[in-house]
Amino acid sequence: MNNYELMQYFLNFIKQFAIENPDKNINKNMIYYCLMTYNIPPSQNPTENITDKFPLLYDYFKNIHNIHLYEVPNFNFLIFKNKNLNGNEIKLYAPYDSKHIIEAAKKIFGFMAYNNIAHQSKIAYMIRNDDLVIRVNTLSDAEKIINFIKNDPFLRENLLNVNPFLPNNSGIGMAMDNNLSFNSVLCNIISNYVSLLRKENRINDLNVENLNAYIKKCIPTIQNLDEKDIYKLLEKTTSKNFTINDFYEHANNKQKYIYDSNRRRINIDPSYLESAIKITEQYHPGYTISAITNYINNGIATGFTRKENARSNLIANIPPQMVMYIINSYLTSKNIPYSYTNDAIYKYVNNILNLEKNNNNNDELNLDLNTIIEMIINAYINTKSKYGKRQANWALQSLLLNGNLNYFTNQFNDRTNLKNLSNKYNLRQCIIMYLGKNYEQATAEEIVLRMEDMMAEKTL
C-alpha cells in the first residue's frame, strides 16, 4: 500500500472503533498511541522497554568526540547532542526494532559525530514507529544522514515503517515542528475531526480526503505560527498528489524564519532586508555592505536607497539589533561558514545578490583574472605613492571587508575603474581565487600581508 492508502487504513480503524464504541471518548492520547504503534511488524512488541540497552550506548560513545549522551528525569528518552540548534530544525524519524536499534544508533550517531553535524536527537525508552528521532539545523545535514542510512544495507533493510502522515524520504520520516510535536498536532486534529463528525452524525465521512478539507478549513483560524505551519504541511501530506518535493518546498520556506534561543519564532520578515539590499545595489552598486554596517553599528539607514520605499520599509520592519540575527540565521540555514561579523555581512550580501554564483563562472573569470588583479595592485601602488602605505593597506582592507573602494586614490581613475569593475565582479572573491583556496577563511589583514609579500617578491 502507498502512503495515502495507509493513512486511509488508519482512519478506517479509528472510524470502526468510533462506530463500535459510541460512548467512548476518542481523545488525542488514544489516537497518539494507535499512531505510534501503527504498522509495526507482528514480530515486534511495540511497547517493549529497551532502557536496559542504554548502557551499551553510553559505553560505546564515552570516548567519541562531538557527541554527548544524557537522560532527563521523567522524559523517557536517551538524548544525544552535538553543538547547538538554531531553533528551526529539520526533524528526521528513523525507527528500529529492539533487535537492531542499538547497532543502528551506533552507526547513525557515529556518522554524525565523525562529520561533526550539529544535532539534538533521542531514542525512546520503548519501541514505537518514532523511537529514534534526529533534529538538525539544515536540509543539507538532513540529506547527509538520509543518504548515509539508505546507502547502508543494515540501516536501510531494518528500518521500521514510519507513520504514513509524515513526509517520507527513502523510508525516513521528515518534519519541522520546533517547540511543538508534529505527531501530537496531527492526533489533536484527528481527534477534533472525529468529535465533529460524531456530533453531526457523520462518522462514516471519516476519510483522508475529508480530513484534508478539514485541515485546510482550520488553517486560517490557527494563531500559533509553528502550529499553522504543521497544519500546512499536513494539508500537503494528506493530498493524493503529495511528493517529497512538496516537503522540501515547505522546509525551504520555513527555514527563512528566525527563532530565538528558546526556539520561539521572531515575527520579523527578513524579506525587507533582502529587498533593501537588492534595490540599493540596483541604484548604488557597491554601497550595500557599508549601508548595512552603518545601520547595525549606528542605527543610521541613510546608506540604503529611498527608491521603491526600500529604506522606509527596512526601518519600519527590521530594527538594527535584529540585522545580524537575520544574517547569522540565514548563513546557518544555508550551511555557509563565516568567521567574523564583516565576513558574515559580506557573504550574506553576496548570497542574496547571487554574486558569488555569477563570479564563479570560470570560463568568463579566468580570461580576465590577471587583468583584474593587476588593476587592484595598480590602485594599491598609486594610493601608496600618494598617501602612504597605511592608507593603501586600509584601502585594500576596506575592499576585502565590505567592498568599500572609497579609500583608493582616484588620481589615475583607479577608484572609478574599480567601482565599474565591481559592478561585474566580486573583487574580494577574485583576490581569493588568485591567492588560492587556503585564503577562503583568511582575515583581511592576512590577505593584505600576503599581497604585500607577493608584490615584494615581484611574483604578481
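It should be emphasised that the depicted structure is a prediction, and the values quoted were computed from it without experimental measurement. Residues take their numbers from the sequence shown, with the count starting at 1.
- Residue Lys347 comes nearest to Ile336 through the heavy atom pair CD-CG2, 4.1 Å, listed as atom of the first residue, atom of the second, then distance.
- Here the CG-CD distance, from Leu160 to Gln44, works out to 7.0 Å after rounding to the nearest 0.5 Å.
- Donor-acceptor pairing under 3.5 Å is recorded for the side chains of Asn179 and Arg263.
- Asn158 and Asp97 form no side-chain donor-acceptor contact under 3.5 Å, judged by distance and modelled atom types alone.
- A donor-acceptor contact shorter than 3.5 Å links the side chain of Asn137 to the backbone of Asn86.
- More than 12 heavy atoms of other residues, nucleotides or ligands shown are found within 6.0 angstrom of OH on Tyr38.
- For the pair Phe304 and Tyr295, the minimum side-chain heavy-atom distance is below 4.5 Å.
- Between the side chains of Asn151 and Asn147, not a single donor N or O lies within less than 3.5 Å of an accepting N or O.
- Of all non-hydrogen atoms in Ala113 and Asn66, the two that sit nearest each other are O-ND2, 3.1 Å.
- Remark: aromatic rings of Phe154 and His100 are close, center separation under 6.0 Å.
- Looking at Asn129, Val162, Leu132 one by one, the single match for side chain to side chain contact (heavy atoms under 4.5 Å, CB included) with Tyr93 turns out to be Val162.
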**Asked** Run the side chain to side chain donor-acceptor pair (under 3.5 Å) check on Asn82 and Asn116 step by step: do they pass?
**Response** CA-CA 7 Å; Asn82 178 40; Asn116 199 22; 3.1 Å; yes
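- Between Phe80 and Ile134, the closest side-chain pair of non-hydrogen atoms is not below 4.5 Å.
- Under 3.5 Å, the side chains of Tyr330 and Asn351 contain a donor-acceptor pair of N or O atoms.
- Separating the CG atom in Leu166 from the CZ atom in Phe182 is a distance of 5.0 Å, to the nearest 0.5 Å.
- A distance of 8.5 Å separates CD1 of Ile40 from CE of Met36, quoted to the nearest 0.5 Å.
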**Item:** Worked verdict on Ile315 versus Ser312 for side-chain contact (heavy atoms from CB on, under 4.5 Å)
**Value:** CA-CA 5 Å; Ile315 295 170; Ser312 58; 5.9 Å; no
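- Listed for the Asn253 side chain is a donor-acceptor partner under 3.5 Å among the backbone atoms of Glu249.
- The two residues Ile117 and His119 come nearest to each other via the heavy atoms O-CD2, 3.2 Å.
- Relative ring orientation between Phe10 and Phe165 is described as perpendicular, the plane-to-plane angle rising above 60° on a 0-90° scale split at 30° and 60°.
- More than 12 heavy-atom neighbours from other residues, nucleotides or ligands sit within 6.0 angstrom of CG on Asn21.
- Across Ile289 and Gly403, no two heavy atoms sit closer than the pair CD1-N, 4.4 Å.
- Contact annotation: the side chain of Phe247 approaches that of Met176 to within less than 4.5 Å [non-hydrogen atoms, C-beta and beyond].
- Side-chain atoms of Asn12 and Gln16 form no donor-acceptor pair, as typed in the model, at a separation below 3.5 Å.
- Proximity of Leu155 to Phe148: side-chain heavy atoms (C-beta onward) are separated by under 4.5 Å at one or more points.
- Side-chain contact check for Leu6 versus Asn39: some heavy-atom pair is nearer than 4.5 Å.
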**Message:** Applying side-chain contact (heavy atoms from CB on, under 4.5 Å) to Ile326 and Tyr348, what does each step give before you reach the verdict?
**Reply:** CA-CA 10 Å; Ile326 291 172; Tyr348 175 78; 4.0 Å; yes
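- No hydrogens or angles considered: a donor-acceptor pair under 3.5 Å links the side chains of Asn212 and Thr238.
- Note: Leu225 CG to Ile266 CD1 = 12.0 Å, rounded to the nearest 0.5 Å.
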**Asked** Run the side-chain contact (heavy atoms from CB on, under 4.5 Å) check on Tyr214 and Asn192 step by step: do they pass?
**Response** CA-CA 10 Å; Tyr214 173 75; Asn192 289 341; 3.5 Å; yes
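- No more than 12 heavy atoms of other residues, nucleotides or ligands shown are found within 6.0 angstrom of CG on Asn201.
- Within a 6.0 Å radius of OH in Tyr114, no more than 12 heavy atoms belonging to other residues, nucleotides or ligands are found.
- Remark: the backbone N or O of Tyr287 is paired with a side-chain donor or acceptor of Ser290 at under 3.5 angstrom.
- In terms of heavy atoms, Lys81 sits closest to Asn84 at NZ-OD1, 4.0 Å.
- Glu235 CD to Thr237 OG1: the interatomic distance, rounded to the nearest 0.5 Å, is 9.5 Å.
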**Message:** Run Leu211 and Ile215 through side-chain contact (heavy atoms from CB on, under 4.5 Å) and show every step you take.
**Reply:** CA-CA 6 Å; Leu211 178 66; Ile215 291 169; 4.0 Å; yes
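- One finds a salt bridge joining Asp229 and Lys254 here, because a Lys/Arg side-chain nitrogen approaches an Asp/Glu carboxylate oxygen to under 4.0 Å.
- A donor-acceptor contact shorter than 3.5 Å links the side chain of Thr37 to the backbone of Tyr33.
- Under a 4.0 Å N-O distance rule, the pair Asp177/Arg135 qualifies as a salt bridge.
- Pro167 and Ile244 get closest at one heavy-atom pair: CB-CD1, 4.0 Å.
- Looking only at side-chain heavy atoms (C-beta outward), Ile279 and Ser275 come within less than 4.5 Å of each other.
- Between the NZ atom in Lys278 and the OG atom in Ser271 there is a gap of 9.0 Å [rounded to 0.5 Å].
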**Prompt:** Should Tyr60 and Glu103 be marked as a side chain to side chain donor-acceptor pair (under 3.5 Å) after you check the CA-CA gap, both sets of side-chain angles, and the distance that decides it?
**Reply:** CA-CA 10 Å; Tyr60 182 81; Glu103 185 61 28; over 6 Å; no
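- Residues Leu78 and Lys122 form no side-chain contact, since every pair of their non-hydrogen atoms from C-beta on lies 4.5 Å or further apart.
- Between Lys240 and Glu209 there is no salt bridge, since no side-chain N of the basic residue sits under 4.0 Å from a carboxylate O of the acidic one.
- With sequence neighbours excluded, the residues forming a side chain to side chain donor-acceptor pair (under 3.5 Å) with Tyr32 are Arg128, Asp130, listed by chain and number.
- Looking at heavy atoms from C-beta onward, Ile123 lies in side-chain contact with Phe54 at the 4.5 angstrom threshold.
- Around NZ of Lys99, the count of heavy atoms belonging to other residues, nucleotides or ligands within 6.0 Å does not exceed 12.
- With a 6.0 Å cutoff to the six-membered ring centre and a 45° limit on the axis angle, Arg265 counts as a cation-pi contact of Tyr257.
- Using modelled atom types, one finds a donor on one side chain and an acceptor on the other under 3.5 Å when comparing Asn163 with Asn183.
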